[in-house]
Each structure stands twice: as C-alpha cells, then as structure tokens.
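Each chain gets a letter, A, B and so on, in the order its sequence line appears, and its residues count up from 1.
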Amino acid sequence: MAPPLSTLSPSTMAVSHFPLSKPLYPKPTSSTSSPSLQCHSSISEQLRPLSLSLLKDTPAHDEPANSKPTWVNPTKPKPNVISLVRHRKAKPTSNGNPQSISLNPTLLQTLISIPDSDKYLFFSTLTEAFSFPPSDDDILFLLNSLYRHPKKSILLLEWLKESSFVMETIFYNLVLKSLRNARQWDQIDRLAHEMLDHGPQPDNITFSTVISAAHKCRRFEKAIEWFDVMYSAGVIPDEVTFSSILKVYAILGKKEEALILYERGRAAGWKPDHVAFSVLGKLFGDAGDQDGMLYMRDEMKRLNIVPNVVVYNTLINGFGRAGRPNIAKELFEEMCQLGVNPDERTLTAILKIYGKYKRTRDAMDICARMKESRWPMDQILYNTILTMCADLGMDSEAEKIFEEMKQSHKWLPDKWTYSVMIKLYCRTSKSERAWQLLFEEMPQRGLQPDVTCYTSLIDCLGKEGRVDDVVAAFESAMETVPSQIDDQLCCCLLSTMAHCKDEMQMKAILACIEKASPMLHRLICMLWNESVEFDEIKESFRKLLSKAPIYVRRPYCNCLIDMCTFRPGFPLHRPRELFHLGNIYGLYQGLQTRRLSEWSVDLRRLSIGAARAALDDWLESVAEAVEEREGLPPQFRVFTGYGLDRFKSVLPSYLERYLSDTGAPFHKSEEMTGSFVAEKADLLQWLQSQGILSVGVSEIL
DNA sequence: TTAGGGTTAG
C-alpha cells in the first residue's frame, strides 16, 4: 500500500516538516583550510545521527554504514520511498499477434508526408496498410520512427484507440518521449492525466519521462508536482526517477530538499549509482560547496563505488569552481592512476583550472601528456587550451595555436576562438589587431561576432580614449547583436565617459548609453541634476543593480563614481554618495581592516574614483574613531597595489600622486610593496590641519 | 530515437 502522501510528498518531507536551521554538514573553521581528501570522514559521521533523527518515519535501517545494500528478500516489506529494483523493460504481449508482418517500406514515408492536420487521410492510410490488427512490434516500430513527428505520434495513438486496440503503457511512453523532444509540455501533461484517469496505468518509465520532460520544458514546479502524483498513484520511484527529481532539485538550488530525499533513499537501502552521484556532484559544485563534494566522495568510498569519468569530471569542475585547484589536481591524478581515462571534458575542466589559477607547470605537464597518451580532442578543448594560454600570459603560444587553427581542416577557429583572441589583443592594448579580427577576419569566415567580442573591443578603445571608435563599434553591435547588449557592455561605455576629452565626446557616449540602457541613462541624468536628492538616487540605483548580474554590480558602481569624479558638471558630493550606496548594497565589503598594531584600507581592486572615495571615507572613519576616543594603533596603511603593465599601473600611480598632492603623511612602505604607511601622530595632525578631525590632537597624543 | 536519469568554454 502506498504510504500517506503527507509523509512522503517531497514538498512536505523537506523544509516544511524538517526546518533546517543549520547546514547538514559542518563547515570547516577558517583555521583548518588545508585541502585534503583524507581528513573529512567526520562529515558523514556527523551527518549520520542527524539523518536518523530526520528519518523517523522511514523503514528501520540498523545496518552498519559500510555494509552492502541489501534489500533482496521479497518477503520483507517493500521500501516505500524508493523501489530498489529497477523497473523491468518488457515488451507487451496482450495484443496476441506475436508475428510481425512485414510493413510496407513506403508506409512510414507516406505517413510522414501527410499534413499534420489531415487526420482522415492519416487514419485511412493506416487502416489500408493493416488488413488485420497490427502486431505490437509494428506499432513500436512506427512509434519509434515517428519520434521526431510528435503530432503524428499522437494521431497514431488516437487511431489505435479508435481501432479498439488494447492499449499498452509502452505506446503512451513512446508518445510522451516524442512530445518531450518537441518540448510540448501541455500535451505531455494532458496525456499523462489521461493515463491516470482512463488507463493504461502509468508506470515508472511514464513518470520518469514526464518528470524529465518537465525539466526539459523548464516547468520545474510541474516536475515536483508529478513526483508527488507518482506516490499518490501508488507507483514507487526507482533510482532513475530519483536521479531525475534530484536533478530538478539541483537546478532549483534546493540543496536541502535534495539531501533529505537522498538520505531517505539511503535509509531505505538504496545504493546510488554513478548518475545519482554526478547529479549530486553538480549540485554541490554549482553551489561552490566543497564539503558537500567531499561528503559525496566519502559516500562512494563507503559503498565501494569507483567514480567513473563523468563523476570525476563533475567533481573536478566543482572543486575548480570552489577555488580548490589542488583538490582538482589530486582528483585528476587519482583517476589516471585508477585507469579511468580522461575524456575531452576532463581535460577541458583541468586546463581551465590551471589557466585560471596560473598553474603554468601543471598546464604544460597536461599538454605533454595529451600528446604522449593520445588523449581525445574536441573543439571546446581546443578553444580551452587557447584560453588557458591567454590566461597564463603565453601570448605568442596562443597566437601560434590560432594560426594552426586557421590552417587546420579539423579544428577551424569559431566565434569562441575569435572572442579569446580579441580579448587577448585588447588586454595587450593591440586594439588595431582586435578591430581587424572583429570587423574583417570574422566576416570573411562567415562568423557573427557576439556581444563579448564587442565588449572587449569597446573596453579597450575606451581606455585608449578613442571615443569615436567606441561609438562606431557600439553602433555595429546595435546593428548586429541588439538583443545581446548587456550590463557589461554598458559598464564599458560608462567607463569610457571618464576618458572623454570634451562635452561633444561625452554627449556621443551618452547617446550610446541611452540606446543601450534607458534606465542607466535616466540615472546619469539624475546624478547630473543638483536638485535630485539622495533617496531618489538610491531608488534609481537599486532598480539598476537589482536587474544586473551580481558580477557587474560593483563595476557599475565604480564606473558611476569615476564619471562623477572626473567629468566636470556633476555635483561634488555625488562620488561619496555613490560610494555610500555601494556600501549599503554590500559592494565594498572588507576594504577596511583594524588590528591592534595597524589599521588599513585596501584600494587595490577599485577604480580610480572609487579608490579616492574609499580613501576619503576611511580617513573620515579614523577621525570619527578619534572623536569617539577609541584605542588607536601606532600605524596606518593604504594598499594601492603596484602595476607592471600600462593598465595595471594606472591606479597605483594615481593614488601615489593623490596622497602626495594632499600632503598626507603617507610614505612608501619598504617592507610591503604596493602600500603606503603613516605614523599615528603624523596622521592625526594632518587630519586636524585638513579640518577632517575637529578635536585637539595634543589631548590625545 | 529505438520505453526512463548524469558531466565541458568568456
């Protein structure tokens, strides 16, 4: 008998019944940061008692953790959360016509050529083709062949019903698959309900297909709904259905729900397979949750499951995303030692990580082994190697690979390749070459540049102060990829404004911004207007940020501060107002540090205007601390960073000049490159001389 | 596609 829905429904079994105020496994403290695959067994140990307390209404499960899963005795009560036996695929037998007739070879083509709307012709063609009831094999052949013709699949099903054929679940399942391929959710939902109401009885495959169809049609709520329906219909999901629904939880970021479902399955004796582990691995990896991934590894060890290539790929990607290149490397070497051959995706994952974390030696090692071991290659991997060279500053190697691709018959450069090369040339300020690739070579090869190509070029041209060329590149982007114009490109336009020489140039960029983002244009007009007050700016800025992706929010704020700092005409208080807003929205966390021996401000990752605002803000906070009679350290430090190339040295040079021009008593630190220090007495006296500090310094010193 | 589930690039 099916268990009551209230105890099994995933929507109720998760958060509503078991609110989790704490994570399911403990996070390591910041002092224990050494990455090791061996030291985390305690996580699962600590998870175990918690899981048992959560799972009171599941069948008793008193075996040791490392015993093999066991539900093999059919006299024991069947687990009611997950069926441990996978649904058996068996051909239907009820239509009593075991011998397949040889189908007219032209029948299929005839059926496909009939217009979808001509139901009469479709039916009469079928009736004519079969002088006696068709065999199940014939029907299955036709349904499989009509996979890419969903409307015809439905018509065939209707003809079978009208012909009083005994309908089998498998026929419906095949039609559902055809509809899933065509992403026709409403039809799928209708057909599945028809099965529930009138038969044939939906089985595990029906529900798995419906759930994965909801996933593919991005109707995630429907996937969860049908998982509930499955239990209420008395069909117990097996491991395939479990993986399908876990995948849906993963996409929705419902980590707790996924883990609780997983634990319930485990408590019922389920031994998850590679697919389930790769779904969980992706879930944890996307969340940057390394403890989750390590817990998963422990689980696999306990169950004596050696990860396959897909699980390794998932974990390597996940640890790369979580900022743990050493663990990713350990996993890669482990799989090679175990004889699990890396595939294209594995190599893509590990080389991406080595590029991102500047692991040149490791990257070269992999490239050498790729040649020796004849590891596989594909287009994405080829482009990833190119990206890696660019990330590692190996520009001449990147150019060599690019030229090889142009000569190649197999791995021709695509728009991704060009995007990498354009970015590389823009980074090294070779805007002419980037321009040539975008406007000449790509069209010659029939490649349509995407927005990232334009964004790289506009950013570079803007930094070089080539405003007319920025406008020309933007106009081209508006013409070719108008729907792709995004916040990142808007940011580059904003940043160009700070480099405008005159009002005419500024108006030209403003006109671009108006076309790209009317919302941003409105905010700029408000910032310009002295009579617009802080609260109005705040609301307009909030609207802009809330629709922008997270990674663009801080650059947006930086660029707006730069514009208000360096363009004449903006009210003088705007930069500090915007910096204050940036703080309110959490864009500038962790800039200031207070230790007993030293207070400091880190300006290294800010734009010039934002750095100036942050420095002024910090100096004021020091003055406030003095006025509040807080204990002060003997020394104060400003981190400005140091730049080796033209672009990276702009901020440190500016800040050095700014500190010097204001007469602030900061001098270059000898023991820490890229920072300036001041003694307490000198700084307080200067703060008082500038009117920033109102109390008398002699009282304090 | 051969009745159902998994992993790659700015």
For [X], report the nucleic acid contact type (base, sugar-phosphate, nothing); a contact means any heavy atom under 4.0 Å.
X: A:S178; answer: nothing
X: A:I380; answer: base
X: A:V210; answer: nothing
X: A:N308; answer: base
X: A:R86; answer: base
X: A:Q379; answer: nothing
X: A:T452; answer: base
X: A:D378; answer: base

Let me know the distance between [atom1] of [X] and [atom2] of [N], rounded to the nearest Å.
X: A:D203; N: B:dA3; atom1: CG; atom2: P; result: 13 Å
X: A:Y249; N: B:dG5; atom1: OH; atom2: P; result: 19 Å
X: A:K282; N: B:dG5; atom1: NZ; atom2: C1'; result: 15 Å
X: A:L176; N: B:dG5; atom1: CG; atom2: P; result: 12 Å

Going by number, which of [range] have a non-hydrogen atom under 4.0 Å from DNA chain B?
range: residues 214-221 of chain A; answer: none
range: residues 338-347 of chain A; answer: A:R345
range: residues 148-159 of chain A; answer: A:R148

Identify, with sequence neighbours excluded, every residue that meets ring pair (Phe, Tyr, Trp, His ring centres under 6.0 Å) alongside [X].
X: A:F277; result: none
X: A:Y454; result: none
X: A:W435; result: A:F439

Listing request: all salt bridge (charged side-chain N to carboxylate O under 4.0 Å, His left out) pairs with a residue in residues 343-360 of chain A, at least two apart in sequence or in separate chains.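 Every salt bridge (charged side-chain N to carboxylate O under 4.0 Å, His left out) pair that includes a residue of residues 343-360 of chain A, provided the two are not neighbours, is A:R359-A:D362.
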
Using only atom types and a distance under 3.5 Å, with no angle test, would you say the side chain of A:D138 pairs donor to acceptor with the backbone of A:P134?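 It does not hold such a pair.
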
With a 3.5 Å cut-off and just heavy-atom distances, do the side chain of [X] and the base of [N] make a donor-acceptor pair?
X: A:S243; N: B:dG5; result: yes
X: A:T209; N: B:dG4; result: no
X: A:N173; N: B:dG4; result: no
X: A:N313; N: B:dG6; result: no

According to salt bridge (charged side-chain N to carboxylate O under 4.0 Å, His left out), who are the partners of [X], at least two apart in sequence or on a separate chain?
X: A:R218; answer: none
X: A:R321; answer: A:D286
X: A:R180; answer: none
X: A:E441; answer: A:K406, A:R433

Taking side chain to side chain contact (heavy atoms under 4.5 Å, CB included) as the test, write out the residues that go with A:A390, two or more places apart.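 Side chain to side chain contact (heavy atoms under 4.5 Å, CB included) check on A:A390 returns A:V420, A:L424, A:R427.
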
Verify whether one side chain among A:S135 and A:D137 offers a donor that lies under 3.5 Å from an acceptor in the other.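 Note: A:S135 and A:D137 side chains miss the donor-acceptor criterion.
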
Without hydrogens or angle criteria, can the side chains of A:D414 and A:T417 be said to hold a donor-acceptor pair below 3.5 Å?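 The answer is yes; a qualifying pair exists.
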
